[in-house]
Every structure is written in C-alpha cells, then in structure tokens.
Amino acid sequence: MSEQPGGTGLVLNEPLLWERGKTGRCGFSLPAQDVPESPLPAELAGEGPDFPDLSETEVVRHYTRLSTWNYGVDSGFYPLGSCTMKYNPKTNERQAGLRGFTAAHPLLPAALSQGALRLMYELERDLAEITGLAAVTLQPAAGAQGELAGMLILHAWQQSRQSVRTKILIPDTAHGTNPASAALCGYAPVAVPSDERGIIPAGVVDSLMDEATAGIMITNPNTLGLFEENIREIARIVHGRGGLVYCDGANMNAVLGVVKPGEIGVDILHLNLHKTFSTPHGGGGPGSGPVAVRRELERFLPVPRVVEEGGAYRLREDCPDSIGRLLAFQGHFGILVRAYAYIRSLGPDGLARVSRLAVLNANYLKERLRGTLPLAFDRPCMHECVFSDRNLQGTGIVTLDIAKRLMDYGYHPPTIYFPLVVPGAIMVEPTETETKEDLDRFVEAIQAIVREARENPDLLKEAPHRCKVTRLDETAAARNPCLIG
Ligand SMILES: *Cc1c(COP(=O)(O)O)cnc(C)c1O
C-alpha cells in the first residue's frame, strides 16, 4: 500500500504491522542487566519468529485505529430486526467486571462461591417471575442452545409418558434455528402457514396437530413484529392432543412486564439475555439463552441445578430425570451478572417501560415511513416492523441496494430478506433506547434513499461509496472466504 503524505489519524486504510515495521525498532526498554551474561541453551538458540520490529506508539496507534472500525450500538443506530441491538447500560458492564465475579473459578467449592450462586438463584427467580413459569436453567450458551434444551425437555416429557411422536409444528415466520433445533432432536418440522394478518390461525393448528406431533414451537411476538393473538386457543388445541407449547422468547423485549408467557399457555420458553437483558452482542458471542419451564417439567432441566437450603446455596447434580449437561460449568456467568444488574436496576416498572417504549418506537417508525416503503402488514406492530421493496419495481433497485446505501448515511443496515414470507423484507427494530430525533434522522435517510432510487439508481447499485469496503461480490466472498488477497 502506498502511503500519502500527512497524518494517518483519519486515514481509514491501515497497513499491516508487517508493512510498517523497521528492522531494529523496539517497543520497550529493558532495565540495565545486573547479572552476568550467560549463553542461551542450544535448544532455545536460533532464529526467532518473523515478527515486525515496531515502536510502542506504532503498535498503540495501529490497534486504537482498528478499534474504531467496528460499528456498534455505542457508535450509532443499529436497527437490525429480530436482534434487539439496544444500548446496554455501562453500569452493568461494571458489575460484571467486579473482582469477586471475574476472579471466581467455577470449580470453587460452594462454600466459597455463595455470592455467585446466590446471584444465579435470584436471577432464575426473576426470570421465572418475568416469564410466568416455575423454574429456570441459566445454562444454555445462546438462544439456539436454549431451543435445543427446550426440545430435549419436550422429548423427555413425551418419553416419560411412553408417547412416541415424530413431528413438531413450526410457523413459516420462524427463525431458522427453530426447525434446526427440532431436527437435532429427531423431530420433523411441519410448517404452519401464517395468515393474511401475519399470524397463525388456530384452525390451521387444529388441522395439523395430531397424535404423531410432539407440540408447537411458536415465536411470540413473531418475527413480523406481530403478537400471536390466537396463542391461548392454539395452546388449548396442542395440550388437548398431548402436545406441549414451546415459545421462542427472543422477542421478549416487546412484552416485559406486560405479558407473562406462562399465563397464556406456554410450557417452555427460552430468553436471549444478550438481546433483551443487557449484553452487547453482534460479534458472535458469547451469549446466554436461559430456559424457563412449567412446574411439571422442572425435573427435566439440565444439571447442575442451583438450590437453596436454609439460606445457603449449592449445586445439585443428582437429578435422575434431567436431560443432562449442555455446557461446561455454569453457563456464561458474566452475562448472568449483566442481566441481574439490569433487572435489579430497572425493577418491574422499569422493565415494563422498556417494552412499552420499544413498541412505541417501532410504531413511530412504521407510521413515519408508511408513505415511503410499503408495509408487509399494515397493522399496529410490537417491537419491530417489516417493510418491502415492492414499490421500487421498475427502478431496478431491490432491498439489498437500500441496505447498502444506508451505510453511506452512517447506519448499520436493518435485517433484510427475513422473515422469508415477505419478499424483499426490510425488518427494522429500533428498540427503546433511541431518541425521537435519532428515529427522525433515520426516517429522513430512508426517504432520501428512496428518492435516489428513482432519480439516480446507479448510486444505490454501487453503494456503499463512503465505507472502507465498497460493494462486495457476496457470492464470491461466500465461496472463497479468503480475507488476504
Ligand atoms: C436471535 C434469535 C434466535 C437465536 O438466538 P441466538 O442467541 O442467536 O442463538 C432464535 N429465534 C429468534 C426469533 C431470534 O431472533
């Protein structure tokens, strides 16, 4: 790479450290030697690794510059639908960084980890209260693993009743992990079509639910941002035919303190602590997907279980009906601390306000953008709303181009082409932590892009223009994932 004259502070192309090094340069100074020199043992002598020689300043600036390249919710609006990319209060990071937590080892005896065990116990109780269910495991490492745990519990319950069932009902709006988790447990997913209102009609469940079907995996609110209004009736039908209702609770940010899934017929539910309960995510992990169940299913939860006896806490392993262990140790503990701090600092009223504001923000965006992009379902929404590119037919512009152009306006693109039932879907989840001004600016950006689509479509076709990496050949990138060319 040829370097231009001038400073490099704002230059966004960063050379590799290997391109920057100068032989003999050094990043540290050792104190003068105060012991006699002695030769290196023969086995350690020879050429060292091929590391570049750099000064401390060069190294610090290199990594500091790279650290600003990552777009996160702390740097701007991140309306990625179904992912709840909300601002996570820094105080929760601080609690998770407390020495007593970070220095605790999972193999410490219970007597020396009472604080950590109590936090887990109380977090389980809080999540049980929030979900309206009886018992919780904090073990699963992500939403998808929570689903797997839930399916294993469902399977163990069916087996305990000598019931052999091979299928599971899954709405056509479901996240891809739902059928994958069910299939891992040997269940054949049966797609349940949503209706013209974007939800599952009870009649369709009635026609599909038979003696070979283990239950239903339903997401509520669903991935269209719509509340499954028929959930009670659906649960009645499924229960009546010997099935269970699994709820994918990844969208719980819409209903905290407003709806308790356990009170509307749900038997098993997973939460995504990294979406709803204050853990930054988006880089691939770690996550946490606790699972809550009805009292009758508690005996199947993974081991170990945190139990309290006379004010002392311990881990219990002797649970003969348990589905077993899903993860080393006690789950992703740092995330549990963040969730605990988040729940305790907001309290029940604060949590309900989170959801009300999340729903208000989504409906505000929906109303302000309704003349600009067509709505997939023109109804009041929950935490997110879904648009499409239908009105741009004839311009040659599709959803992908809008998403790419949004990056030029400084935004992380929304979720696109999901859920699959909406052709050209653009799924926007603003979350509760954005101000009206920020939402207005986003609306103006979308309006400007849709104008550009009509007046200067090439601008969108080639977008992004202002980013470090411009339009990628996504097919080639997927087939040949080589980052150094
Ligand atoms: C995010 C999400 C999942 C999967 O959760 P992970 O933590 O990413 O494994 C499942 N269902 C829905 C609806 C989601 O939004």
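We're numbering straight along the sequence, starting at 1. Note that ligands are numbered from 1 as they come in the structure, with each ligand's atoms numbered from 1 the same way. All values derive from a computational prediction rather than experimental measurement.
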Close N/O pairs between ligand 1 and protein, under 3.5 Å:
residue  : atom   : partner : partner atom : Å
ligand 1 : 5 (O)  : Asn272  : ND2          : 2.9
ligand 1 : 7 (O)  : Gly143  : N            : 2.7
ligand 1 : 7 (O)  : Asn272  : ND2          : 3.0
ligand 1 : 7 (O)  : His274  : NE2          : 2.7
ligand 1 : 9 (O)  : Gly143  : N            : 3.3
ligand 1 : 9 (O)  : Ala144  : N            : 2.8
ligand 1 : 11 (N) : Asp248  : OD1          : 3.4
ligand 1 : 11 (N) : Asp248  : OD2          : 2.5
ligand 1 : 15 (O) : Ser82   : O            : 2.8
ligand 1 : 15 (O) : Ser82   : OG           : 2.7
ligand 1 : 15 (O) : Lys275  : NZ           : 2.8

Polar side chain donor-acceptor pair, His175 to Thr177, under 3.5 angstrom = yes

message = Testing the 3.5 Å rule here: is there a donor-acceptor pair between the side chains of Lys86 and Asn253?
response = yes

task = Indicate yes or no: does Asp349 engage Arg353 in a salt bridge with an N to O separation below 4.0 Å.
result = no

message = Is there a side-chain contact between Glu429 and Thr84 in this structure, where contact means two heavy atoms from C-beta onward sitting under 4.5 Å apart?
response = yes

query = Who passes side chain to side chain contact (heavy atoms under 4.5 Å, CB included) against Arg344, sequence neighbours left out?
reply =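 Checked Arg344 against side chain to side chain contact (heavy atoms under 4.5 Å, CB included); matches are Glu122, Asp126, Tyr340.
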
inquiry  = Can you tell me how the ring of Tyr342 sits relative to the ring of Phe277, calling it parallel under 30°, perpendicular over 60° and tilted otherwise?
reply    = perpendicular

